[in-house]
Every structure is written in C-alpha cells, then in structure tokens.
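Lettering of chains follows the sequences in order, A, B, ..., and the numbering in each one begins at 1.
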Amino acid sequence: MSLYARYAALLDGVLDELVPEGVVPAEAERRAVAVEPPRDTAHGDLAINAAMVLAKAARTNPRALAGEIAPRLEALPEVTSAEIAGPGFINLKLSPDAWRTELDTIVRQAGAYGRSDIGSGERVNVEYVSANPTGPLHVGHCRGAVVGDSLANLLAAAGYQVVREYYVNDAGAQVDTLARSLHLRYREALGEGIGEIPEGLYPGDYLVPVGAALAEEFGDCFAGEDEDVWLELFRSRAISAMLDLIRHDLALLGIRHDRFASEAELQRSGAADEALEVLRNKSLVYQGVLERPKSLDPLDDWAPEELTLFRSTQFGDDQDRPMQRPDGRWTYFGTDAAYHWQKAREADHLVNIWVKRVQAAVRALTDGRVDLDVKLVQMVRLFRAGEPVKMSKRSSSFVTLADVVREVGKDVVRFMMLTRRADAPLDFDFAHVVEASQENPVFYVQYAHARISSLGRKAAEAGLSLDARADLGLLDEEELALVKLAAQYPRTVEAAATTHEPHRIAFYLYDLAAAFHALWHRGNDDPARRFIVENNPQLSRARLELALAIGQIIRSGLALMGVAATEEMR
RNA sequence: GCGCCCGUAGCUCAGUCGGAUAGAGCACGAGCCUUCUAAGCUUGGGGUCGCAGGUUCGAAUCCUGCCGGGCGCGCCA
C-alpha cells in the first residue's frame, strides 16, 4: 500500500471514530475525500480536504469540522503536526522517519514499487493500431501504437488483467485491391512487363517479394486466369505477408499484441447475427431509411434504401446506425458492433485507441456492464529543423514507422509520443528530438538515470559497500524533499492508469529528473554536498541510497513507457 | 448543418474526480565549470486562464450561450 493510500485509510478510521460522536454523519459521501501532496510544499507533507468535503453533510463549517478531525490525525504515530489552513485544509507534517521509511520501501520493493491492485483483476481489452493490412505502418500509426501499448503497461501495473488486441480489417474491398496488386507483382516476377501500377492499386514495392514467392511456388498457372480462380489465394497470401510486415514494424517499437482478431473470421462465425438478435430482443432494431449524409458531395449518387437500423440515438449517438444492407450484407458498423460485443464477453472494460463509434452498441449489448473508452489520438506533425516534412499521399513519399525508428531510435519515438495528451496535436521534429539538451525531455530524463548509474560505478571504485545498511537519518531537508517527490510515483501511476493518460508518467519523470539534477549540482559549490563524499562512507552510503531509489523509479516509469533506461550517455 | 476535442506567459505545453499565492521548457536579463559527465544548475521579469453569464464557502477545472481553431460525420473501408 502506498504512503498516500495508507494515510487515506488512517483518515477513514478517524472519520469512523467521529461517527458515533455525531460529528460526521454515517451516510456522508466520502468519495471526494482525498489525501494529496499539497500544492505548495511549504504547507506540509500531506493535504486533506475532508473537512471541506464533509462540512455540508455534517451541518457545520469546514474550519469547525477540521477542528474536530485535526487533533485525531495529529495523534497518529508519524504525524508531527496537523494544521488547519485556508478554507479548511488539514495539512499534515510527517516525521522525517516516515519519509526515511518510504525511501527504504522504494529500494526494498525495487521494480514492484508503484504497482498496485486498484484494478482488482478486472479484465481490460486494449485495442490499438488496427491499421488495415495493406502495407507497412506509416508514421501516423506510431502515436496510437505507443499510447495504446503504454496504456496497456500502465493498466497491468495497476492490477488489471490486460489483453492487447489488433483488429484486422481483412474482409473489405481494400484487401481485394491488395490481392489484385499482388497478382500484378506475381506476373512481374514471371517476367511480364507490367509498366506503371494502375490507379487504384497499391503501388508499394513491399508486394514484390510476395509476388516472387508465389511465382516460385505456383509457376505461371495463375498468370492468364480469371480473378475468381486466384483471388482468394492471393488475398490470403497478401494479408498474411502484410501482417508479418506490420508485426515486424511493431516489434521495432517493442510492441507485441496478444491477439490479432480477424474481421473475416468474425463474419464467418455468425457473431454479427447473434449481436443483431440480442439487439432485436431488446427492441432496439427496426427497418428504416436514413437521411442523405451531410458530408456527401452533392454530385454523388445516393438513393434512400430501407436498412436494418440500430436505435443508437437511445444511447446518446447522433443518429441511428445501419447494421445490414437490404441484400443482407453486413455494414462496417454491423461487424464492428459484433466485434466489440465479442470482446466485451471476455472483458470488464474496453479501450480503443483510434476512431470507432460503437459506444452505444457496447452499452446496449452488455446492458451497461462493460464500458468502452475511445481514445482519439490526434495527428503528429512532422518537422525537420523547423521545416514541415511533406507527405504526399502518392505512393512512397509516406514516412514509414520503420523510417522514423531507424532515424531516431525506439526510445526517442516512444517517449516523444507521450509528451502530450493524446487528444492534442503533437509536433515531432527530427532534428530537435535527437538533440542532447534540456529541451529534449528524453535526453533529460535518461541523463538523470545515467548520472545515477555513474554514481553506482564510482561508489564501487571508492570501495563503498552497498550491503551495509544506510543510516538514512543523515539525509537533510533537501534530500528528503526529493524522497517526497519520489513517493508520489505510485499515485501518479494509479492516476495515469485510471484516467487512461499515459502522458502523465512522462511529465512526472521529467519533474523527478529536474529535482535530481538540482540536487546533484549542490556538489558544484560544495564538495561536502556531493553524493559521494570523500572520507565519509556513512553519509555517502545514505545519499547513494537516495540516488538508487530515484534511479529505480526512473527505470520503472520508463519501463511503463516502453523506454530503456540508459546506463551512460555517449 | 450536426457531433467530439481544444483555447492557460512572446512561443510550445502541464495543471491531481472544483481547493490555498495558476506551473514547466524555450526565448530574453543576471550569475555558476581546478567537476561524482556544466549534455547541467541557480536566479529575474513576463498571465483579464478566449468572452459573458450561472452553480458553489471556493471555478483554469462543472453548466449555458457566444467567439476562434482542429478533427470527424455513407449504405464506402
């Protein structure tokens, strides 16, 4: 249990004591009661808002209620003072020993520090990337991939059971186009001159080796044949080759999905019929005609048709959604709803990174048991030394994911993608992100870790044993302030996990690194304030303990982001 | 036309289920290298939190309207 959680429990006990005395009503809602770090560290170590939150229910004013609560908190063993401040905050100061114990806990728990069980084993399905299997991933997929993967890491650390899933859209017309493109490459491999790739087919040369393999395996027996002879074979070969490509690209970012769910398979399984049946039984399906879509070009043909519609508007959607066409074929929404229903059967929470509009269907199909969070990840704008990188839609001038990783490295890509909230656009400058300066947060955080690693090496050279127990009583106020910041790591992880906001880890690590760099530089003015002090092994040992704890947290935090912690800078 | 997101320092952005004097980096000004890597640190100035109402003991945060920007809006995939 984290320090903040421990004090939240202690506070709860104090409030319980006040119930029989009639000070706090038993039925008072305590959900908003919080134990937090104060905004200003001068206020103390822990800020408690209980009196302000409960004053109304207790029919008194916040400061009066605080007067009842504070003395009982002050009586707790590690609390040195409980002051009432401002509108009714209770600010606790903890004894230095409390923080020394916390420091000890960080080092002892190592990688487990910051993990929690707030997810209590609930199942979360995180679906991310899900790019169409028609070619390599491009840079636009990077951000969703990183956000999804890091979020999955966070949820796992917070005690959820996580499934990482990729939805393969392998049933639509675009995979037939892919198959035709492959057939062209196949004929090319047989020595036929194919000239320019016709408009509407995929021109990328990643299909060349796949075509060559088919030529090798089957010779020319499909060369002059009609499409219905070879389409299915070529489609399945193309898709599996593209998925290999995609898996390879994802591996460059250190990403591995647990499950690749196939749309085609889903359709064959009859899941869509089942989903429709469920909705029908809830009277949420009717035959109807939709209005002409607003975004449609006025010149485009459009004829109203009677469709099988889901009453999506009953669940807050802006229009009812078609499930089936008049000829009985499933719409994209139809299979997508079925797909999410299938996921929901084995999960308590669903998270989608990217664009899907199936919340209403999930709510309807699961009677609200399963929630779906759709995280819309905004564009990444690419720059090179301030100049926008032009990306034409035509063929190969797309910057691929592999290009970016090759140029700046996995760690830089992953970290940078988490330096903004997911729903804000992100600028990514190739020149900027490889700079070794404070402007580059990746470097800045890794530099702090490298400095700590270097301390470990120096300590070993100086013959300092890490086996000896450190006397943490030797740490001063400034050093304990760093411990206090470190102690916020567990609640930061919990908050990032529950809000589905992995960027919070990046910002926290940046703050922690800044605080460490500042402490490090005390040694510039005064050698006695360095981490390793000559002829003072006890003090050095204690400070080393602090440095190791900070290093541990940076490592853990970076691991959640999927970024390696470097041992030294080069 | 409708929906979602955003509007915070000159620039790029954080801001804890509403809480105390709104923060960081860059840029600008002033300091700090015979060093455990100065690839860094310290410090100063700089804000009508888009605008106007509302809810509240308390609003950058919640609600309503307006202004400005982004994204999305097929029975396609």
Side-chain angles (χ1 to χ4, degrees), chain A residues 31-32 34 36-40 42-43 47 49 52-53 55-56 61-63 85-89 91 132 134 169 171-175 177 263 289-296 300 302-309 316-319 321-327 329 331-334 336 355 357 374 376 378-379 419-421 423-427 435-441 443-444 446-448 450-452 454-455 457-459 461-462 488 491-492 495 498-499 503-504 506-508 510-511 514 517-525 527 530-534 540 543-544 547 568-569:
Chain A
R31 215 167 44 87
E36 299 168 315
R39 178 154 298 210
D40 187 338
H43 293 142
N49 64 356
M52 295 182 293
V53 172
K56 190 172 280 178
N61 70 69
R63 291 192 67 104
F89 280 102
N91 291 324
N132 289 341
T134 53
N169 290 113
Q174 90 280 5
V175 286
T177 304
E263 181 189 3
V289 178
L290 287 177
E291 280 177 35
R292 181 187 175 89
K294 292 274 193 270
S295 65
L296 207 58
D300 284 348
W302 188 84
E305 284 186 309
E306 187 164 277
L307 304 159
T308 305
L309 298 172
D317 209 342
D318 47 350
Q319 62 174 83
R321 302 280 165 186
M323 304 271 301
Q324 250 179 338
R325 302 189 189 89
D327 59 8
R329 277 151 62 226
T331 63
Y332 182 71
F333 177 85
D336 219 31
V355 200
R357 39 183 61 252
V374 178
L376 247 133
Q378 286 274 359
M379 296 265 297
T419 54
R420 287 279 176 279
R421 277 196 330 270
D423 54 15
L426 171 80
D427 291 348
E435 247 170 52
S437 80
Q438 197 174 5
E439 241 185 297
N440 177 356
F443 162 77
Y444 190 74
Q446 291 197 321
Y447 187 33
R451 279 183 155 169
I452 291 165
S454 126
L455 276 181
R457 294 190 293 269
K458 295 278 176 190
E461 284 169 26
Q488 290 186 31
R491 67 193 302 281
T492 305
T498 54
T499 57
H503 76 276
R504 291 179 183 224
F507 282 91
Y508 170 78
Y510 186 88
D511 286 345
H517 284 307
L519 201 60
W520 173 282
H521 276 271
R522 299 195 311 180
N524 279 351
D525 303 326
R530 292 179 186 166
F531 277 86
I532 296 172
V533 185
E534 231 176 311
S540 304
R543 289 183 176 167
L544 215 50
E568 55 188 332
M569 309 303 287

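- Residue contacts shown for A:N49 are absent, as no nucleic acid heavy atom lies under 4.0 Å away.
- Among the nucleotides B:C36, B:G40, B:C73, the one closest to the side chain of A:H517 is B:G40.
- At least one donor-acceptor pair closer than 3.5 Å links the side chain of A:R543 to the backbone N or O of A:R530.
- Under the Watson-Crick and G-U wobble criteria, each requiring two contacts below 3.5 Å, nucleotide B:C26 is paired to B:G10.
- Counting any heavy atom pair closer than 4.0 Å across all strands shown, A:N91 reaches a base atom.
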Evaluation steps, side-chain hydrogen bond (donor to acceptor under 3.5 Å, both in side chains), between A:H43 and A:D40: CA-CA 6 Å; A:H43 293 142; A:D40 187 338; 4.6 Å; no
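- Comparing B:C75, B:U37, B:C13 by their closest approach to the side chain of A:T331 singles out B:C75.
- Taking only side-chain nitrogens and oxygens, A:R421 never comes nearer than 4.0 Å to OP1 or OP2 of B:C13.
- Applying the 3.5 Å distance criterion, the base of B:U16 shares a donor-acceptor pair with the side chain of A:R491.
- Partner assigned to B:G1 is B:C73, using Watson-Crick or G-U wobble distances below 3.5 angstrom.
- Rounded to whole angstrom, the span from the CG atom of A:L426 across to the P atom of B:C13 amounts to 9 Å.
- Comparing the C1' positions of B:G18 and B:U55 gives an interatomic distance of 11 Å, to the nearest angstrom.
- Contacts of A:P322 with the nucleic acid, taken as non-hydrogen atoms under 4.0 Å apart, involve only primed sugar atoms and P, OP1 or OP2.
- In this structure, A:A462 reaches neither bases nor backbone, as no heavy-atom distance under 4.0 Å exists between it and the strands shown.
- The residue A:A459 sits apart from the nucleic acid: no heavy atom pair falls under 4.0 Å.
- Side-chain nitrogen and oxygen atoms of A:H503 include at least one within less than 4.0 Å of the OP1 or OP2 phosphate oxygen of B:G15.
- Counting any heavy atom pair closer than 4.0 Å across all strands shown, A:Y444 reaches sugar-phosphate atoms only and no base atom.
- Within 4.0 Å of A:A495, counting heavy atoms only, lies no atom of the nucleic acid at all.
- Among the protein residues, A:R420 comes within range of the sugar-phosphate backbone only, with heavy atoms under 4.0 Å from sugar or phosphate atoms but none that close to a base.
- Here B:C32 sits opposite B:G40 as a Watson-Crick or G-U wobble pair (both hydrogen-bonding atom distances under 3.5 Å).
- Residue A:E36 is in sugar-phosphate contact alone, with no base atom involved, counting any heavy-atom pair closer than 4.0 Å across all strands shown.
- Comparing B:G40, B:U42, B:C36 by their nearest atom to the side chain of A:A518 picks out B:U42.
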Per-nt protein contacts along nucleotides 22-30 of chain B (heavy atom under 4.0 Å; B base, S backbone sugar-phosphate only, - none) come out as --SSS----
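- The side chain of A:L455 sits closest to B:C36 out of B:A20, B:G40, B:C36.
- The phosphate of B:U37 has OP1 or OP2 within less than 4.0 Å of a side-chain N or O from A:S454.
- As judged by a 4.0 angstrom heavy-atom cut-off over every strand, A:F89 is placed among the base-contacting residues.
- Taking the six-membered ring for Trp and thresholds of 30 and 60 degrees, A:H503 and A:F507 have ring planes more than 60 degrees apart, a perpendicular arrangement.
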